[in-house]
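For the numbers below, each heavy atom of this structure counts, side chains included, while hydrogens, waters and symmetry mates do not. Counting convention: from 1, in listed order, for ligands and their atoms alike.
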Amino acid sequence: MQLSSIVASPKQLLQLCISTLHCLLASVFSKVSSWTAGTCKGSTSPVSPVDGKLDQNKVQNATTPTSVNYHFTRKCNYKCGFCFHTAKTSFVLPLEEAKRGLKLLKESGMEKINFSGGEPFLHDKGEFLGKLVQFCKQDLQLPSVSIVSNGSMIKEKWFQKYGDYLDILAISCDSFDEETNQLIGRAQGRKSHLDNLYKIRNWCQQYKVAFKINSVINTFNVDEDMTESITQLSPVRWKVFQCLLTDGENAGEKALREAERFVISDQLFQEFLDRHSSVSCLVPESNEKMRNSYLILDEYMRFLDCREGRKDPSKSVLDVGVKEAICFSGFDEKMFLKRGGKYVWSKADMKLEW
Ligand code: SF4
């Protein structure tokens with residue numbers, strides 16, 4: 001055997017080095033791909049670590065969008081200091097496109113739709129919202145259609161026209177002290193937020209819509225005792241949220257709000273809950289329960305993934321369909337069920353005394 005057959009020439013050595021380097025780089029690249037496409041994003045990532053394409057198995061097994069929150073507008077007439085869905089765009093889909101998206105969601109298993117914002121009654125003086133509410137109940141026959149609003153733009157005429165198609169109306173109210181509402185920014189100028197709240201409560205009763213209240217607990221209202229007022233208003237549900245920071249919305253450089261001064265500790269939140277333990281309709285939502293347990297659609301009908309403490313959008317349901325878009329929603333179905341996300345949500349089943 002010649003020595004040259006077992007000892008490589010300088011040229012061969014160079015080729016060996018290049019080939020080894022190539023293998024090493026490929027291995028590192030594959031690991032990084034796998035971290036970013038798989039492990040780092042959580043086990044629900046639909047992107048294959050091998051070729052970067054959508055994993056069709058995961059698309060096939062995608063979450064059912066049982067309960068969806070469609071924030072069709074970001075514009076609002078209030079200036080709540082902790083707002084976590086701010087007016088970063090003024091875009092609203094054309095009505096027919098919004099209806100098309102809602103139909104796709106219904107075909108994928110949606111049972112409940114909640115319209116939110118921004119302030120949903122602001123666009124086209126509530127007509128856009130009314131038409132969607134009617135479409136979802138009458139055409140799509142959804143068991144539950146609801147709205148979250150600050151209540152300032154709602155007129156009785158709206159109830160007369162669309163009240164039949166609406167199951168639940170939630171009004172945001174963080175305090176029964178007008179001054180505190182002013183400090184929070186939960187007001188338009190010096191107009192009374194509370195007068196609207198009581199007026200709407202009565203309309204809900206008159207037009208047979210279930211009435212709900214949402215409150216965000218923060219540094220300005222954490223010591224308040226709302227037991228009497230809530231008992232008097234008697235909502236079907238009182239959702240009590242712990243003020244949440246979301247990067248790009250109410251925290252961080254690109255945010256339109258700075259909510260740090262509103263944030264309260266878990267302990268203070270618990271003390272607020274303990275003070276209201278006699279209120280049976282109270283449904284608490286800590287930061288942990290809230291963060292990933294909502295399926296949120298933005299104004300372009302993109303699911304927003306909140307797992308990284310900010311809102312990362314998927315592609316639009318209108319462009320890629322529900323199954324593909326929902327894979328990027330970051331939705332935690334277990335937490336959704338743990339926080340009581342599925343409840344009696346049709347007014348027909350609520351056995352309310354009107
Ligand atoms: S009412 Fe307040 S929290 Fe709600 S969208 Fe308007 S500014 Fe934001």
Side-chain angles (χ1 to χ4, degrees), residues 69-92 114-126 128-129 132 146-155 158 168-201 211-222 235 237-252 254-264 269 285 287 290-291 294 296-300 304 306 310-311:
N69 296 275
Y70 175 26
H71 296 246
F72 65 81
T73 178
R74 282 177 168 270
K75 285 176 81 175
C76 186
N77 56 329
Y78 275 23
K79 293 187 172 62
C80 307
F82 49 68
C83 181
F84 51 81
H85 205 75
T86 53
K88 303 198 100 174
T89 78
S90 57
F91 181 80
V92 177
N114 178 54
F115 295 105
S116 188
E119 171 46 46
F121 282 88
L122 200 58
H123 185 61
D124 196 19
K125 297 189 174 138
F128 182 88
L129 173 65
L132 290 185
S146 67
I147 299 172
V148 176
S149 161
N150 64 33
S152 64
M153 311 290 292
I154 310 177
K155 301 275 183 283
W158 194 95
I168 306 167
L169 176 58
I171 302 296
S172 309
C173 179
D174 310 320
S175 175
F176 290 89
D177 178 318
E178 294 283 17
E179 271 315 301
T180 308
N181 284 326
Q182 286 285 337
L183 284 171
I184 290 171
R186 187 79 91 185
Q188 184 176 17
R190 299 299 299 180
K191 284 187 199 161
S192 167
H193 182 67
L194 296 175
D195 285 355
N196 278 327
L197 181 74
Y198 285 97
K199 196 167 63 184
I200 290 163
R201 200 271 170 263
F211 175 70
K212 185 176 159 186
I213 297 177
N214 286 356
S215 302
V216 179
I217 309 310
N218 60 82
T219 39
F220 293 90
N221 63 1
V222 68
R237 263 163 98 82
W238 179 31
K239 269 276 187 91
V240 174
F241 301 95
Q242 183 182 2
C243 183
L244 178 72
L245 288 182
T246 303
D247 199 51
E249 296 283 353
N250 63 13
K254 291 178 187 159
L256 297 180
R257 297 283 199 284
E258 286 175 16
E260 280 85 355
R261 69 195 175 99
F262 289 89
V263 171
I264 54 164
F269 183 61
E285 254 173 60
N287 286 175
M290 191 179 164
R291 203 182 296 276
Y294 285 84
I296 302 174
L297 276 182
D298 75 358
E299 65 277 22
Y300 300 98
L304 297 178
C306 304
R310 54 176 193 263
K311 290 175 173 171

May I ask you to identify, for Arg257, whether its side chain, its backbone, both or neither come under 4.0 Å of ligand 1 on a heavy-atom basis? side chain
With a 4.0 Å heavy-atom cut-off (strictly under), which part of Cys80 contacts ligand 1: side chain, backbone, both or neither? both
Please identify which atoms of ligand 1 are closer than 4.0 Å to at least one heavy atom of Asn150. 1 (S)
Check the angle between the aromatic planes of [X] and [Y] and answer parallel, tilted or perpendicular using the 30° and 60° thresholds.
X	Y	value
His71	His85	tilted
Phe128	Phe72	tilted
Phe121	Trp158	perpendicular

Going by heavy-atom distance to atom 4 (Fe) of ligand 1, choose the closest among Gln188, Glu119, Arg186. Arg186
Regarding Asn196 and Ser152, is there a side-chain donor-to-acceptor distance under 3.5 Å anywhere? no
Mark the output for Gly118 as yes if a heavy-atom distance to ligand 1 is under 4.0 Å, and as no if none is. yes
Closest approach of Asn218 to Ile264 (non-hydrogen atoms, all atoms of both residues): C-CG2, 3.5 Å
Check this for me: does any side-chain nitrogen of one of Arg74 and Glu249 sit under 4.0 Å from a carboxylate oxygen of the other? yes
The closest protein heavy-atom partner of atom 8 (Fe) of ligand 1 is Cys83 SG, 2.3 Å
Any N/O/S atom from Cys76 (main chain or side chain) under 2.8 Å of atom 6 (Fe) of ligand 1? yes
